[in-house]
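Below is one structure; the comments refer to it alone.
Residue numbers begin at 1 in each chain, while the letters A, B, ... track the order of the sequences.
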Amino acid sequence: MRGQRPALKSRRPSRPPQPGSAARRGAPGSPMRLSQFPLVTTKETPADAEVVSHQLMLRAGMIRKLGAGIYTWLPLGLRVLQKVEAIIREEMNRAGAHEILMPAVIPAELWQESGRWAKYGPELLRFKDRHQRDFVFGPTHEEVVTDLIRRDIRSYKQLPVNFYQIQTKFRDEIRPRFGVMRGREFLMKDAYSFHLDAQDLEREYQNMRATYARIFTRIGVEFRVVKADSGAIGGDRSEEFHVLAQSGEDVLAVSDGSDYAANLEAAETRPQSARLPAAAALEKVSTPTQKTCEEVAALLGIPLSSTLKLIVVKGRDGGLVALALRGDHTLNAIKAAKHPNVAAPLALASDAEIRAAFGCEPGFLGPVGAQVPVIADHAAAALSDFVCGANQSGFHLRGVNWGRDAAEPESADLRNVVDGDPSPDGRGRLKLVRGIEVGHIFQNGPLYTQALGVTVLDEQGKALTPTAGCYGIGVTRVVAAVIEQCHDDRGIRWPEAIAPFRVILCPIGAEKSAAVKTAAETLYAELLAAGVEVLYDDRGLRPGPMFADADLIGIPHRIVIGDKGLAEGRYEYKRRDAQTAEPIPATSAAVLEKLRP
RNA sequence: CGGGGCGUAGCUCAGCUUGGUAGAGCGCUUGCUUCGGGAGCAAGAGGUCGCAGGUUCAAAUCCUGUCGCCCCGACCA
């Protein structure tokens with residue numbers, strides 16, 4: 001050991017390496033040369049890839065599947081992933097958050113303490129160690145940070161604090177799909193902040209909201225911030241960051257007249273205008289086989305929107321509750337479960353329970369004479385002269401009116417909004433679009449700090465439970481989401497900020513032409529010396545395959561070096577998103593000029 | 001979890017119904033020609049047919065089990 005040190009030292013150059021030193025310039029072994037880079041692309045689209053991002057990531061050699069929802073990131077893909085990571089890290093640090101790294105494997109005790117060991121379903125990966133002790137593979141880390149805070153934070157002087165990590169998570173999704181978009185193992189940036197009071201939490205929430213906007217703007221992706229339900233993690237205020245894309249798994253309602261936007265789960269609308277007076281007489285109609293609103297509406301030749309359906313669910317007191325919806329509307333389970341008389345999570349009544357309570361088959365239910373309390377959605381409560389089940393198998397009623405034929409119902413917001421509903425802020429109409437959730441910010445409040453018994457002493461020496469927020473970004477998913485938004489029929493079109501390389505050099509006929517070979521080598525060296533991330537396609541391919549690969553892997557700038565151009569002192573420059581190429585002077589200065597943002 | 005489908009060469013798939021000892025295209029290797037948008041010719045390498053059992057003289061093929069993967073559904077009065 002001791003003898004080696006001087007030797008090592010003496011081999012070190014006396015000056016620090018300069019830009020353009022051998023290592024930077026890319027000696028023959030450098031990965032910047034495609035002949036040395038393990039790039040495996042395919043022309044054919046793999047059979048099991050459905051969405052574009054998945055197809056292109058496989059074809060471009062970014063990822064390879066190991067098992068359902070589990071992927072290896074190859075060098076090309078990893079470069080992109082790490083760029084996304086770097087932007088997130090920079091902006092989180094700039095926002096005053098502190099990076100930590102928590103364990104992925106967590107003792108079950110912590111999860112039992114928070115109550116989530118019991119609450120979380122099979123999505124939580126649980127396993128035992130050699131001593132038969134229970135562990136979970138962390139799908140999220142509220143328990144672990146909260147425990148950290150509990151141990152280390154004692155005084156109000158240590159708050160607020162925001163810890164974040166970029167780490168591998170595992171969620172045993174019901175159905176992993178779309179490649180890395182809904183994987184089981186994925187990379188996530190999760191941040192957790194702790195505060196003395198709600199005002200300070202709100203301040204940090206706004207700080208994170210602005211930070212996320214900066215992050216996605218820098219990445220170069222179009223996004224939308226939407227109101228959200230806080231879901232399994234729990235808490236109050238919550239918004240999601242979505243990349244708008246056809247293939248998105250989430251439905252969003254966005255106003256065309258204001259900046260209102262919400263996840264369908266949380267989207268609201270303005271209650272409809274007042275109910276029209278009753279005009280029709282109550283009448284029983286035979287509907288022997290018509291059990292759905294669609295079938296009844298078709299039989300009677302009426303619009304679906306003048307039918308009413310009942311959905312029977314378990315009540316919070318153990319009994320049943322009937323939820324009334326207009327036939328053309330669908331139940332929003334999250335809204336329903338928030339009603340004080342409805343059991344949470346939402347549980348549908350069984351057919352047997354329905355028969356016992358209504359005395360008829362499901363499919364013929366209605367509010368007239370119902371023995372079960374009815375809660376009507378605002379739109380259903382605004383109906384008059386409507387059609388609904390007669391509570392008698394094989395029959396429906398028409399000309400039904402609240403107040404006259406059925407008890408005036410309690411009215412609540414129970415349904416999913418539909419295209420064209422008025423925006424709740426009164427400006428514009430809602431339009432349903434699809435999005436990919438790439439970020440989510442929450443105010444959890446004291447949920448976990450309370451469960452784990454965290455207290456700090458305030459200025460008066462009084463114990464106080466901190467309130468908390470949590471903020472996540474699906475790093476792996478961002479990569480897929482960007483591709484969903486940035487691609488064409490030839491391949492990926494990376495935004496500059498996260499492209500694996502900025503420019504690709506395509507020499508044509510370098511094996512034949514010494515001039516081309518020399519020009520390409522020189523340009524490559526000069527660009528590297530200028531600090532440009534350049535990929536040099538020195539594989540000696542024919543132009544077709546070479547261009548096809550360049551387009552597929554999506555490098556933003558392409559320089560073609562050929563004999564024809566060189567004879568006129570020109571390179572050919574093409575942006576990935578341009579239709580045609582343009583000649584530029586055959587100098588590195590001219591190339592650098594093109595790369596300037 | 002319920003329903004459906006598929007596992008055969010690196011990839012996409014044929015062969016299975018009617019058992020007889022495995023094929024195509026692409027890719028890969030070598031040579032020659034070619035060289036500005038996925039070239040041509042020639043010669044090659046490459047498969048315990050997911051795994052285990054069973055039936056049979058004989059199994060990729062028929063039967064049973066098992067593992068893996070994919071798709072659909074989980075909103076219904």
Side-chain angles (χ1 to χ4, degrees), chain A residues 40-51 54-55 58-59 61 64-70 121-123 172 174-179 264 287 289-296 307-313 320 322-325 327-336 346-351 353-355 357-358 360-367 370 372 387-396 414-416 489-491 506-513 516 539-552 558 560-566 571-572 574 580-581 583:
Chain A
V40 181
T41 59
T42 61
K43 198 160 50 173
E44 284 183 274
T45 301
D48 56 3
E50 276 197 290
V51 296
H54 189 197
Q55 293 171 350
L58 289 169
R59 287 188 51 208
R64 290 291 179 256
K65 183 171 74 175
L66 184 61
I70 307 180
E123 197 180 293
D172 203 351
I174 299 179
R175 209 175 128 200
R177 60 182 136 184
F178 302 157
L264 185 64
T287 51
T289 60
Q290 286 73 21
K291 300 180 79 169
T292 66
C293 287
E294 284 81 3
E295 289 162 353
V296 173
T307 63
L308 181 122
K309 61 187 172 188
L310 287 194
I311 296 173
V312 185
V313 300
L320 296 180
L323 307 176
L325 289 179
D328 58 331
H329 287 156
T330 56
L331 179 68
N332 181 313
I334 290 167
K335 289 179 181 176
L346 196 72
L348 296 171
S350 68
D351 284 4
E353 285 171 312
I354 291 176
R355 275 185 220 108
F358 286 83
C360 72
E361 290 299 307
F364 303 99
L365 308 185
V372 165
V387 169
C388 63
N391 295 328
Q392 181 184 350
S393 295
F395 293 94
H396 278 74
L414 297 176
R415 69 174 174 101
N416 288 317
D489 53 1
R490 293 196 305 253
C506 299
I508 289 180
E511 316 300 312
K512 280 280 172 56
S513 163
V516 169
R539 294 176 296 179
L541 295 185
R542 300 160 53 82
M546 183 161 53
F547 293 157
D549 268 352
D551 288 341
L552 176 61
R558 186 184 80 185
V560 177
I561 302 150
D563 258 332
K564 292 181 202 165
L566 284 183
Y571 295 147
E572 180 186 290
K574 183 177 170 300
T580 53

Closest of B:G38, B:G37, B:G36 to the A:E572 side chain is B:G36

A:L66 CG to B:C70 P: how many Å, rounded?
-> 12 Å

N or O in side chain of A:K65 less than 4.0 angstrom from B:C70 OP1/OP2 = yes

For atom CG of A:L414 and atom P of B:C75, their distance in whole Å = 16 Å

Nearest to the side chain of A:K564 - B:G38, B:A77, B:G36?
-> B:G36

Could you check how far CD1 of A:I508 sits from C1' of B:G37, rounded to whole Å?
-> 9 Å

Say you pick atom P in B:G20 and the same atom in B:C75; how far apart are they, in whole Å?
-> 48 Å

Side-chain donor or acceptor of A:R542 under 3.5 Å from a matching atom on the base of B:G40?
-> no

Rounded to whole angstrom, note down the P distance from B:G53 over to B:C16.
-> 26 Å

To the nearest 0.5 Å, how far apart are CG in A:L308 and CG in A:D328?
-> 10.5 Å

Considering only heavy side-chain atoms of A:E44, the closest of B:C1, B:G36, B:C11 is B:C11

Picking from B:C35, B:G36, B:C75, which would you name as closest to the side chain of A:K512?
-> B:C35

Indicate, with a heavy-atom threshold strictly under 4.0 Å, whether A:L541 touches base, sugar-phosphate, or nothing.
-> nothing

Which part of the nucleic acid, if any, lies within contact of A:A548, taking any heavy atom under 4.0 Å across all strands shown: a base, the sugar-phosphate backbone alone, or nothing?
-> base

Among the nucleotides B:A77, B:G38, B:G37, which one has an atom lying closest to any side-chain atom of A:L365?
-> B:A77

Which part of the nucleic acid, if any, lies within reach of A:R558 when heavy atoms closer than 4.0 Å are counted: base, sugar-phosphate only, or nothing?
-> base

Does A:C360 reach the side chain of A:L365, with side-chain heavy atoms less than 4.5 Å apart?
-> yes

Sidechain-backbone polar pair: A:Q290 side chain, A:E295 backbone, donor-acceptor under 3.5 Å | no

Side chain of A:V312 - closest among B:A77, B:G36, B:C75 = B:A77

Answer with base, sugar-phosphate or nothing: what part of the nucleic acid does A:G562 contact at a heavy-atom distance below 4.0 Å?
-> base

Minimum heavy-atom distance between A:D551 and A:R558, given as atom pair plus value | OD1-NH1, 4.4 Å

Taking atom C1' in both B:C51 and B:A45, what distance in whole Å separates the two?
-> 27 Å

If B:A22 has a Watson-Crick or G-U wobble mate with both distances under 3.5 Å, name it; if not, just say none.
-> none

Any-strand Watson-Crick or G-U partner of B:U48, both distances under 3.5 Å = none

Any strand is fair game: report the nucleotide pairing with B:A59 by Watson-Crick or G-U wobble, both distances under 3.5 Å, or none.
-> none

Expressed in whole Å, how much space separates the C1' atoms belonging to B:G25 and B:U64?
-> 36 Å

Determine the Euclidean distance between corresponding P atoms of B:U29 and B:G10; express it in Å to zero decimal places.
-> 15 Å

Can you tell me the distance, in whole Å, between the NZ atom of A:K574 and the P atom of B:G37?
-> 13 Å

Could you tell me the separation between the CZ atom of A:F395 and the P atom of B:A77, rounded to a whole number of Å?
-> 20 Å

Straight-line distance of A:T330 OG1 to A:N416 CG, nearest 0.5 Å = 4.0 Å

Assign A:T330 to base, sugar-phosphate, or nothing according to its heavy-atom contacts below 4.0 angstrom with the strands shown.
-> base

A:S393 side chain to A:E361 backbone, donor-acceptor under 3.5 Å = yes

Picking from B:C69, B:C75, B:C71, which would you name as closest to the side chain of A:E50?
-> B:C71

How is A:R415 classified with respect to the nucleic acid when contacts are heavy atoms under 4.0 Å: base, sugar-phosphate, or nothing?
-> nothing

Could you tell me whether the side chain of A:R64 reaches within less than 4.5 Å of the side chain of A:L58, counting heavy atoms only?
-> yes

NA contact type, A:V40, heavy-atom cut-off 4.0 Å: base, sugar-phosphate, or nothing?
-> nothing

Between A:K309 and B:A77, is there a side-chain N or O to OP1/OP2 distance below 4.0 Å?
-> yes

Output the single nucleotide from B:C75, B:A77, B:C26 whose closest atom is nearest the side chain of A:K43.
-> B:C26

So which nucleotide from B:G37, B:G73, B:A77 ends up closest to the side chain of A:P362?
-> B:A77

Please report, rounded to the nearest Å, how far the P atom of B:A77 is from the CD1 atom of A:I311.
-> 6 Å

Nearest to the side chain of A:D48 - B:A77, B:C69, B:G38?
-> B:C69

With rounding to whole Å, what would you report as the distance between B:C63 and B:U17 at their P atoms?
-> 9 Å

Return the 5'-most residue of the pair A:T45, A:L331 with respect to RNA chain B, ranking by each residue's nearest nucleotide.
-> A:T45

Pick base, sugar-phosphate or nothing for A:R355, based on heavy-atom distances below 4.0 Å to the nucleic acid.
-> nothing

Distance in Å, A:D48 CG paired with A:H54 NE2, rounded so as to fall on 0.5 Å steps = 6.0 Å

Which base, if any, makes a Watson-Crick or G-U wobble pair with B:C16, both distances under 3.5 Å?
-> none

B:C41 -> Watson-Crick or G-U wobble partner, both distances under 3.5 Å, gives B:G31

In the structure shown, which nucleotide is the Watson-Crick or G-U wobble counterpart of B:G73, with both distances under 3.5 Å?
-> B:C1

Heavy-atom side-chain proximity of A:L346 to A:L331 below 4.5 angstrom | yes

With both distances under 3.5 Å as the test, what is the Watson-Crick or G-U wobble partner of B:G68?
-> B:C6

Rounded to the Å, how far apart are A:L552 CG and B:G38 P?
-> 15 Å

For B:G27 and B:C41, measure between their P atoms and round to the nearest Å.
-> 12 Å

Using the P atom on both, measure B:U8 against B:U61 and round to a whole Å.
-> 13 Å

Could you state the atom-to-atom distance from CG of A:L58 to P of B:C69 in whole Å?
-> 15 Å

